[in-house]
Each structure stands twice: as C-alpha cells, then as structure tokens.
Protein chains: 2
Amino acid sequence: MSEGRTRRRGKDLLDAIYTAAIEETAESGPARLTMDAIAKRAATARTTLYRRWSDPLDLLLDALAEHHPVETPAPGADDLRGDLIAALRLMVDWGFSPAGRAVMAVLTDPARDPAVVEALWERVFRKRGGTFTQTVLRHYAATGAVDPARLTPVVLDIGEAMVTKRILDTGRAPDDDYLAAIVDQAVLPALALPQRNT
Amino acid sequence: MSEGRTRRRGKDLLDAIYTAAIEETAESGPARLTMDAIAKRAATARTTLYRRWSDPLDLLLDALAEHHPVETPAPGADDLRGDLIAALRLMVDWGFSPAGRAVMAVLTDPARDPAVVEALWERVFRKRGGTFTQTVLRHYAATGAVDPARLTPVVLDIGEAMVTKRILDTGRAPDDDYLAAIVDQAVLPALALPQRNT
DNA sequence: ACGATAAGATACACGACTGTACCTAACATC
DNA sequence: GATGTTAGGTACAGTCGTGTATCTTATCGT
C-alpha cells in the first residue's frame with residue numbers, strides 16, 4: 001500500500017497477476033494465453049509465475065476461482081416480470097465483465113478440456129445458487145405465483161439461452177428493451193402466464 | 001481421380017486444403033490455426049498455401065464459403081411440432097459437422113474480427129433462407145396455422161438459442177427428447193398454441 | 001539488526017511458426 | 001513433343017513463447 005514500495009508480495013502481487021490473466025483471456029481467449037503475456041501485463045517476471053503455476057490455464061483457473069464478484073439476483077416482493085428482467089441484466093453485466101468474458105471464452109474453446117469445464121462449474125458457478133433467472137423462478141414458485149411443475153430444465157434456461165445467443169450474434173450487450181422482449185415473449189409464455197404488452 | 005497421379009491440382013487440391021482447414025479449426029479453433037498445420041494435414045507444401053492466401057483465416061473463410069452442405073428444412077403438410085423438431089435436428093447435425101464446429105469456433109472467438117463475422121454471415125448463412133426454425137415458422141404463418149404477429153425476432157430465435165446454449169453447456173449433441181422438450185416447453189408456448197404432453 | 005524468503009531481472013537453448021527464396025518435376029495445353 | 005504453369009520440397013533467417021538456471025536485493029518475521 002505504501003508508496004515507497006518497489007516490490008509487491010502476497011495479495012498485492014497475486015491480484016495483479018490474476019487480473020492480468022483474466023483480462024488477457026477476455027481479450028485473446030485461452031488459446032492465445034501465454035505466461036509471457038500475463039507476466040508483461042502484470043509487470044512481473046515470468047520466473048515469478050513459474051514458481052507457482054506450471055501452465056497459463058492452471059493460473060487462469062485459480063484467478064477465476066478467486067475472483068467472485070458474481071451478484072445473485074434478489075427477488076423483490078411481487079414483481080416477477082421486473083425481477084426476471086433484473087436477473088437478465090445482472091447476467092449481461094457479468095457476461096461483459098472481464099471475468100465473464102474470460103469464462104465464456106474458456107467454455108466456447110473448441111479445444112476445451114472437459115476437466116477444465118468441470119472445474120469451472122465447481123469453482124465458479126456452484127458458489128452461487130444456480131443460474132440467474134433460476135433463482136428468481138424458484139423464488140416465485142415457492143410463493144405460489146408460478147406453477148412449480150412448469151420449472152423444467154428447459155424452462156429454467158430460456159432467459160439465459162436467449163441472452164447468450166444474442167450476445168454471440170451481435171457481440172454486444174442487449175439493452176433493456178430486448179431483455180424485456182425476452183421475458184415477455186419467451187419466458188413468461190413458457191410459464192403459462194398472461195403476457196403484458198408493454 | 002486416376003490412381004497414378006502423384007500431384008494434385010485444381011479442385012482436388014483445393015478440396016483437400018479446404019477440408020484440412022475446416023477440420024483443423026473445428027478441433028483447435030481459429031486462434032491455433034496455422035499455415036503449417038493446414039499444410040501438414042492436407043499433405044501439401046506451405047509454399048502452395050502462400051501462393052493463394054496470405055493468412056490462415058483468409059484461407060478458412062474461403063473454405064467455409066465453398067463448403068455449403070447446409071440443408072434447408074422442408075416443412076411438411078400439417079405437422080408444426082414435428083417440423084420444428086426436424087428443423088432443430090438439422091441444426092444440431094450441422095453444428096456437429098466439422099464446418100459447423102469451425103463456424104461456431106470463429107463466432108465465439110473473443111478476438112474475433114467484426115469484419116470476419118460479417119463475411120461469415122454474408123458468405124455462409126445468407127445462402128440459406130434464414131435460420132432453421134425460422135423457415136418452418138414462416139411457412140406455417142403463411143398457411144395461417146400460426147399468428148404472424150407472434151413471429152418477432154425473439155420468438156423466431158428461441159429454438160436456435162436453446163439448442164446453442166445446450167451445446168455450449170454439455171458439449172454434446174442434444175437427443176430427440178431434448179429437442180422435443182424445447183419445442184413443447186419453449187417454442188410452442190411462445191406461439192400461444194396448446195401444448196402437447198408427450 | 002539479521003537471516004530467510006521470494007520478487008525482479010537477465011541469459012540461455014529449444015521448439016514452433018512465419019514469410020521468402022529457390023529448385024525440380026509433374027501436369028495441362030497447344 | 002515442346003512449353004508454360006504450378007505442386008512439391010528444401011533451406012533459411014527472424015520472431016515468439018517455453019522452461020530452467022542464476023544472481024541481486026527488497027521485504028518480512030523474529
């Protein structure tokens with residue numbers, strides 16, 4: 001923390017390395033991830049990295065596991081539609097953070113290692129309680145506003161799937177109007193609820 | 001074609017190079033695609049590649065444009081549900097072909113060039129008439145079986161989005177039961193049609 | 001204040017891929 | 001059958017990343 005420090009150690013250094021690895025992956029993907037690039041971006045020596053990790057991917061997994069600013073949607077009182085939109089907004093915001101883009105890049109790598117995918121689910125996603133709209137839907141099922149029998153794996157994933165596809169197609173973050181359209185035209189109909197025409 | 005040939009030329013050679021590039025990309029992704037690997041897989045010399053292309057990605061785009069075995073769904077007489085499932089089946093089969101996996105890999109590359117994405121849409125997708133379920137839905141809208149007002153961009157993309165997400169999550173091709181669940185639980189409800197309970 | 005630890009820096013040999021140059025021989029055309 | 005074209009092969013210098021070794025010195029713990 002002090003200004004006179006010329007050498008970082010411990011947490012300071014680790015944080016610099018972790019954000020370097022995540023940003024590098026978010027920009028270039030795991031295939032182009034090198035120890036060299038991480039070291040340069042973190043302004044440290046490659047030898048420092050090899051002291052702890054043997055592999056860029058190994059390093060990246062530690063970075064993603066340690067870096068957990070994934071908000072959980074907090075369903076409000078009685079606004080299913082609004083809460084669903086808010087959950088998707090959370091998902092979009094996360095997906096466009098460096099960590100989110102890095103995770104996406106790892107998951108979509110054609111040369112991905114199934115063990116790595118499993119490790120990601122275990123270390124990153126399982127910390128939260130399932131996916132984004134899932135949390136909201138289960139909440140309203142508990143209150144009786146939604147028929148629990150409707151919450152099949154397919155239905156629980158509609159919102160996330162539509163957002164993911166949109167991001168893949170356009171490469172940009174969907175705006176609130178599009179998220180509302182997803183909720184009104186795809187998610188709510190699958191719950192067999194009357195739709196709102198905004 | 002003749003057996004005695006020791007040197008390929010023209011179409012024979014081009015086909016070998018194109019399939020080599022596509023298979024290489026499907027396995028390793030565009031980030032790891034090198035002139036060297038393509039040349040080795042096609043059993044030709046690197047100099048031959050440089051004579052025509054300056055870049056592995058340049059070569060790949062030509063390969064994908066030339067390689068168009070993308071079937072178009074042919075809607076039957078009066079079976080919306082069955083035709084939707086069949087359309088999704090076509091999509092899955094294509095998505096797991098080398099060409100499909102190569103296209104997916106290019107589109108999900110975080111370092112993707114927007115110009116390349118545009119070129120892909122222009123040279124590969126636009127040859128067909130839109131996406132898979134789109135063709136079916138527009139057909140039944142024309143016959144009056146589906147309300148044309150329901151065919152918003154969001155609704156037209158539900159099937160594709162669900163399949164894409166499923167493939168990303170599991171890395172494997174969804175079976176027919178899952179495709180039927182997508183149609184029954186997500187696509188048909190969005191069309192405001194009575195659902196079938198298989 | 002001192003000793004242990006580890007960050008920072010430099011150097012090295014190795015391998016992979018690049019882009020070009022150059023040569024040869026097979027193929028197509030007339 | 002002669003000729004132009006082009007695939008196939010070899011060679012080369014240059015760049016980038018790897019993994020290891022070695023040295024220094026800043027920082028921490030006691």
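Computed over heavy atoms, backbone and side chain alike; hydrogens, waters and symmetry mates excluded. Order of the sequence lines sets the chain letters (A, B, ...), proteins ahead of strands, with each chain counted from 1.
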- Task: Please determine if a side-chain N or O atom of R7(A) lies less than 4.0 Å away from the OP1 or OP2 oxygen of dA9(C).
- Result: no
- Quick one: side chain to side chain donor-acceptor pair (under 3.5 Å) pairs with a partner in residues 140-149 of chain A, sequence neighbours left out? D83(A)-Y140(A)
- Query: Are any of R51(B)'s side-chain N or O atoms less than 4.0 Å away from OP1 or OP2 of dA7(D)?
  - Reply: yes
- Specify the closest pair of heavy atoms between P189(B) and V183(B), including all atoms of both residues, with the distance to one decimal. CD-O, 3.9 Å
- Message: Expressed as a whole number of angstroms, how long is the span from W53(B):CH2 to dA7(D):C1'?
- Response: 13 Å
- Item | Other ILVMFWY residues reachable from L168(B) by side-chain steps of under 4.5 Å | L168(A)
- Message: Using whole Å, what does the distance between atom C1' of nucleotide dT5(C) and atom CZ of R8(A) come to?
- Response: 17 Å
- Picking from dA7(C), dT6(D), dG8(D), which would you name as closest to the side chain of R52(A)? dA7(C)
- Query: Under 3.5 Å, is there a donor-acceptor pair between the side chain of E27(B) and the main chain of P110(A)?
  - Reply: no
- side chain to side chain contact (heavy atoms under 4.5 Å, CB included) against D93(A), all qualifying residues, sequence neighbours excluded: R89(A)
- Item | Residue list, salt bridge (charged side-chain N to carboxylate O under 4.0 Å, His left out) with D175(A), at least two apart or on another chain | none
- T44(B) vs dG8(D): side-chain N/O to OP1/OP2 distance below 4.0 Å: yes
Every protein N/O lying under 3.5 Å from an N/O of nucleotides 17-21 of chain D:
unit_1, atom_1, unit_2, atom_2, d
dG17(D), OP2, D36(A), OD2, 3.3
dT18(D), OP1, M35(A), N, 3.3
dT18(D), OP2, M35(A), N, 3.3
dT18(D), OP2, D36(A), N, 3.1
dG19(D), OP2, Y50(A), OH, 3.2
dG19(D), N7, R46(A), NH2, 2.9
dG19(D), O6, R46(A), NH2, 2.7

- Rounded off to whole Å, could you give me the CG-to-C1' distance for the L49(B) and dA7(D) pair? 11 Å
- Item | salt bridge (charged side-chain N to carboxylate O under 4.0 Å, His left out) partners of residues 55-64 of chain A, not counting sequence neighbours, each pair once | D62(A)-R123(A)
- Message: Please enumerate all residues that pass side chain to side chain contact (heavy atoms under 4.5 Å, CB included) together with R138(A), with sequence neighbours excluded.
- Response: Q134(A), L156(A)
- Item | side chain to side chain contact (heavy atoms under 4.5 Å, CB included) partners for R166(B), two or more places apart | T170(B), P174(B), Y178(B)
- Task: Describe, as an angle rounded to 10 degrees, how the axis at the first end of the helix from dA1(C)-dT30(D) to dC30(C)-dG1(D) is tilted relative to the axis at the last end, five pairs per end.
- Result: 30°
- Applying side chain to side chain contact (heavy atoms under 4.5 Å, CB included), name anything that partners A111(A), two or more places apart in sequence or on another chain. D109(A), R32(B)
- Item | Given dA7(C), dA26(C), dG9(D), the nucleotide with the shortest approach to the side chain of L13(A) | dA7(C)
Dump every N/O contact between nucleotides 2-4 of chain C and the protein below 3.5 Å, one line per pair.
none

- Task: Starting from C1' on dC27(C), measure out to CG on D12(B) and report it in whole angstrom.
- Result: 13 Å
- Task: Round to a whole Å and report the spacing from CD1 of I38(A) to C1' of dC16(D).
- Result: 15 Å
- Give every residue pair that meets the side chain to side chain donor-acceptor pair (under 3.5 Å) criterion with at least one member in residues 13-23 of chain B, sequence neighbours excluded. K11(B)-D15(B), E23(B)-R41(B)
